[in-house]
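Just so you know, these numbers come straight off a predicted model, no measurement behind them. These values consider heavy atoms only, across backbone and side chains, with no hydrogens, waters or symmetry-generated copies.
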Amino acid sequence: MYGVHVSSPRRSPDSGGTRASRPRRPAPRERLSRDRVLREAVAAADELGTDALTMRVLAERLGVVPMALYKHVADREDLLDGMVDVVLAEIEPPPSARGWRSRVRGRILASRQVLLRHPWVPRVIETRTSASAVVLAYMDALAGDFLSGGLSPDLAHHALHAVGSRMWGFTQEVFPTPQPPDDPAMLEAMVREFSARYPHILVIAGAGAHEPDSAVGSTCDDQFEFEFALDVILDGIERLHRRGWASPRGAG
């Protein structure tokens, strides 16, 4: 029509009218980065614990040679520092409309929930020698909670010391309570020994027992004990704030 010749589309000779299928290229591997290394290290520590987390194990999980990791982490200590930062970044800030005591309590309990998901973190935190930007930002927010409630910088300073390791959601126990033996005979012998040698501890343990006559064999509710201690500290800080307390001159 109108003197224009329209040719038919050329077909591939071996396609029968369809384009021959080509082999698909494998999907490109996710690029290695510090963030990827740290997140995989956190996942590995959650599964295996930090003692079993070696550079070789981490490299195998990432599908790279161990030397490739050192482009993103300087050494094991740098790896652990970064892993702590990744975990602490999971902490959700508390609602801002509440009073300082509720905000502090909510922030600390939110931190505790995060650390309960990563039970290896407290021991690693205890071995850190310097505070990262993530750590300092969290402490700054906690200090801001105290100051926004009208606490003096002096009292806020001592309040941060008072909450100590609890600001991260765990209690630093010097001598953790040993687990009672499962064997009934051994447990009975342990109770007899405590009765003879440590009667006051036995009385206290009995008062907190969840079952009658299970004193030494009972276990404490760790969440309740954590919140109890935290509330005791916050109650004390609140009383000092209401009194207008100031530390003695020269006290750190």
Side-chain angles (χ1 to χ4, degrees), residues 34-54 57-58 61 73 75-96 98 100-146 156-179 208 210 219-237:
R34 180 175 174 85
D35 181 68
R36 185 180 170 213
V37 169
L38 295 178
R39 292 188 181 281
E40 186 61 38
V42 168
D46 290 344
E47 296 174 21
L48 309 172
T50 53
D51 289 341
L53 177 61
T54 64
V57 168
L58 181 56
R61 291 174 66 104
V73 290
D75 51 30
R76 180 173 170 81
E77 291 305 306
D78 185 33
L79 177 69
L80 292 172
D81 285 342
M83 291 164 63
V84 169
D85 282 352
V86 168
V87 170
L88 297 186
E90 296 178 17
I91 301 172
E92 295 288 341
S96 59
R98 299 187 289 180
W100 73 266
R101 191 184 186 284
S102 294
R103 286 198 302 276
V104 168
R105 192 177 193 275
R107 191 182 300 278
I108 291 176
L109 292 181
S111 177
R112 179 171 174 78
Q113 289 304 307
V114 169
L115 265 65
L116 287 175
R117 297 199 298 266
H118 308 282
W120 51 271
V121 175
R123 190 176 68 167
V124 175
I125 287 178
E126 290 172 340
T127 63
R128 297 306 87 199
T129 58
S130 61
S132 69
V134 174
V135 169
L136 290 173
Y138 177 86
M139 294 177 66
D140 184 72
L142 194 60
D145 291 336
F146 286 125
H157 169 93
H158 292 285
L160 284 173
H161 280 291
V163 294
S165 67
R166 287 186 178 86
M167 76 171 70
W168 304 111
F170 69 95
T171 304
Q172 197 170 26
E173 298 283 4
V174 179
F175 295 104
T177 304
Q179 290 295 317
H210 300 295
T219 56
C220 294
D221 182 333
D222 191 55
Q223 183 68 26
F224 175 83
E225 298 299 344
F226 181 87
E227 293 189 31
F228 173 81
L230 178 60
D231 287 337
V232 168
I233 294 170
L234 295 180
D235 287 346
I237 294 171

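Across every non-hydrogen atom of Ala45 and Met83, the tightest pair is CB-CE, 3.7 Å. Across all their heavy atoms, Val73 and Asp78 have their closest contact at CA-OD2, 3.3 Å. Of all non-hydrogen atoms in Ser165 and Gln172, the two that sit nearest each other are OG-N, 3.1 Å. Smallest separation of non-hydrogen atoms from Trp100 and Ile237: CH2-CG2, 3.7 Å. Here the shortest heavy-atom pairing between Ser111 and Gly169 reads OG-N, 3.8 Å. Heavy-atom minimum distance, His118 versus Pro122: O-CD, 4.0 Å.
Ser132 has its side chain within reach of Val135: a pair of non-hydrogen atoms, C-beta onward, lies under 4.5 Å apart. Within the 4.5 Å cutoff, side-chain heavy atoms of Leu88 are placed close to those of Trp168. With a 4.5 Å cut-off on side-chain heavy atoms, Ile125 and Leu115 count as touching. The shortest side-chain heavy-atom distance between Asp85 and Asp81 does not fall under the 4.5 Å cut-off. Between Asp51 and Trp120, the closest side-chain pair of non-hydrogen atoms is not below 4.5 Å. Met167 is not listed as a side-chain neighbour of His161, based on a closest heavy-atom distance of 4.5 Å or more.
Although no hydrogens or angles enter the test, the distance criterion places no donor-acceptor pair under 3.5 Å between the side chain of Thr171 and the main chain of Phe226. One N or O on the side chain of Arg76 and one on the backbone of Leu53 form a donor-acceptor pair closer than 3.5 Å. With hydrogens and angles disregarded, a donor-acceptor distance shorter than 3.5 Å links the side chain of Arg128 to the backbone of Val124. With hydrogens and angles ignored, the 3.5 Å screen pairs no side-chain donor or acceptor of Tyr138 with any backbone N or O of Ala133.
Interatomic distance, Arg61 CZ to Glu40 CD, rounded to the nearest 0.5 Å: 4.5 Å.
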Check: Step by step, would you call Glu90 with Gln113 a side chain to side chain contact (heavy atoms under 4.5 Å, CB included)?
Finding: CA-CA 10 Å; Glu90 296 178 17; Gln113 289 304 307; over 6 Å; no

Next item on the list: For side chain to side chain contact (heavy atoms under 4.5 Å, CB included), just list the numbers for Leu58 and Leu79, CA-CA rounded to whole Å, side-chain angles, deciding distance to a tenth of an Å, and then say yes or no.
Entry: CA-CA 11 Å; Leu58 181 56; Leu79 177 69; 4.0 Å; yes

Margin query: Set out, in order, the CA-CA distance, both residues' side-chain angles and the distance that settles side chain to side chain contact (heavy atoms under 4.5 Å, CB included) for Phe170 and Leu116, then state yes or no.
Written below: CA-CA 9 Å; Phe170 69 95; Leu116 287 175; over 6 Å; no

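No salt bridge links Arg101 with Asp145; every basic N to acidic carboxylate O contact stays at or beyond 4.0 Å. Contact check on Arg105 versus Glu227 returns a salt bridge, with a Lys/Arg side-chain nitrogen under 4.0 Å from an Asp/Glu carboxylate oxygen.
Inspection of the Arg112 and Gln223 side chains reveals an N or O donor paired with an N or O acceptor under 3.5 Å.
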